[in-house]
Peer 1: 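I'd like to ask you about the structure that follows.
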Amino acid sequence: MNIIETKELSFSYKRENDEKVVLDGLNIDIKEGSFTAIIGHNGSGKSTFAKHINAILLPCGGSITVCGIDTSDEKKLYELRKSAGMVFQNPDNQIVATIVEEDVAFGLENLAIDREEMHRRVEAALKAVNMYEHRKRAPHLLSGGQKQRVAIAGILAMQPRCIVLDEPTAMLDPQGRREVMDTILSLNRENNITIVLITHYMDEAAKADRVIVLDKGKVRFDAPPREVFREEEKLRDLGLSVPDSTALVHALRKKGINIEKETLTPKECAEEILSVTVDIRTRLKR
Ligand SMILES: Nc1ncnc2c1ncn2[C@@H]1O[C@H](COP(=O)(O)OP(=O)(O)O)[C@@H](O)[C@H]1O
Ligand SMILES: [Mg+2]
């Protein structure tokens with residue numbers, strides 16, 4: 001089942017004299033339970049697309065439905081925002097309360113649910129992002145990665161089917177990035193939550209099932225990461241790169257070392273290099 005469907009989705013920000021097309025007839029279907037990464041250089045329309053998923057922006061042309069709800073249906077706005085949560089780049093802008101567990105409960109205050117259920121949800125959400133032990137702490141004293149996980153917990157408490165994250169790791173240090181990526185992966189694999197991750201880190205995109213490359217508001221590539229990152233030259237032309245492990249194998253290939261597999265992680269890369277090295281050694285021995 002598709003949880004997100006766009007049909008010829010178009011958008012432009014109104015400007016004084018002209019109109020610049022930011023989304024140019026997008027047809028993107030996203031399956032429930034999948035993990036999709038969206039990449040593209042600055043200004044390619046990624047955030048604009050994300051903002052269409054929970055009706056922060058409405059299409060100028062075409063349509064987008066999320067969980068079967070047309071996002072321009074005002075009567076269903078609340079239901080829509082409950083089904084598709086958004087996490088943004090700056091964790092400090094997303095914190096509203098002075099205690100972690102109250103922050104996570106904040107979004108639930110408007111829902112007609114009893115205290116007990118609220119408690120249960122907050123606890124489950126904090127456990128899911130591995131922040132339960134910090135529930136009594138002040139959010140502003142947490143690290144960036146911890147804050148971002150609290151923001152994710154706040155969304156989780158609403159029990160969404162889909163979470164859209166717009167460069168959630170851009171302001172984090174390597175450890176924070178790892179924590180947030182591990183959390184995203186586990187929510188996808190274990191809780192079957194659909195993930196749409198916008199990122200400019202190629203190694204993060206490599207962890208998705210599918211990578212969509214946006215350029216000038218159009219889809220340029222849409223395939224599993226191994227297929228997309230095979231196109232290193234074309235991606236570089238779009239101002240993008242590939243994961244370091246992929247680039248290393250491409251560079252070795254250019255030097256005549258025959259590694260067939262596209263590698264996405266240092267581990268895969270090491271294994272491939274090792275296997276050709278072993279191969280060369282055995283040939284030398286003969
Ligand atoms: N609020 C806005 N008003 C006018 N133009 C905007 C606004 N937000 C973004 N844009 C323009 O729309 C284009 C796409 O922006 P955006 O979706 O933020 O791209 P990305 O997230 O891929 O960097 C850019 O040219 C940007 O300058
Ligand atoms: Mg953006």
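Note that ligands are numbered from 1 as they come in the structure, with each ligand's atoms numbered from 1 the same way. FYI, side chains are in, hydrogens and waters are out, and symmetry mates aren't considered; it's all heavy atoms of this structure.
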Peer 1: Under 3.5 Å, side-chain donor or acceptor atoms of residues 123-134 against the rest of the protein: list the pairs with distances, not counting sequence neighbours.
Peer 2:
unit_1 : atom_1 : unit_2 : atom_2 : d
Glu123 : OE2    : Lys127 : NZ     : 2.8
His134 : ND1    : Arg137 : NH1    : 3.0

Peer 1: Taking Ser10 for its side chain and Gly62 for its backbone only, find out whether a donor-acceptor pair lies under 3.5 Å.
Peer 2: no

Peer 1: Evaluate the side-chain proximity of Ile4 to Asn2: yes if any heavy-atom separation is below 4.5 Å, no if none is.
Peer 2: no

Peer 1: Backbone N or O of Asn54 within a donor-acceptor pair of the Arg81 side chain at under 3.5 Å?
Peer 2: yes

Peer 1: Distance-only criterion, 3.5 Å: show the donor-acceptor pairs between side-chain atoms of residues 84-93 and protein atoms not counting sequence neighbours.
Peer 2:
unit_1 : atom_1 : unit_2 : atom_2 : d
Gln89  : NE2    : Glu167 : OE1    : 3.3
Asn90  : OD1    : Asp92  : N      : 3.0
Asp92  : OD1    : Lys147 : NZ     : 2.7

Peer 1: Given a heavy-atom cut-off of 4.0 Å, could you list the residues near ligand 1 in chain and number order?
Peer 2: Tyr13, Lys20, Val22, His41, Asn42, Gly43, Ser44, Gly45, Lys46, Ser47, Thr48

Peer 1: Below 4.5 Å, heavy atoms only, C-beta onward: do Phe49 and Ile198 meet side chain to side chain?
Peer 2: no

Peer 1: Keeping Arg236 on the side-chain end and Ser241 on the backbone end, is there a donor-acceptor pair under 3.5 Å?
Peer 2: no

Peer 1: Hey, does the Lys NZ or Arg CZ of Arg210 hover above the aromatic six-ring of Phe35, less than 6.0 Å from the centre and inside 45° of the axis?
Peer 2: no

Peer 1: Anything protein N/O/S under 2.8 Å from the Mg ion (ligand 2)? Just list residue and atom, please.
Peer 2: Ser47 OG

Peer 1: How about Glu179 and Gln175: do any of their side-chain heavy atoms sit closer than 4.5 Å?
Peer 2: yes

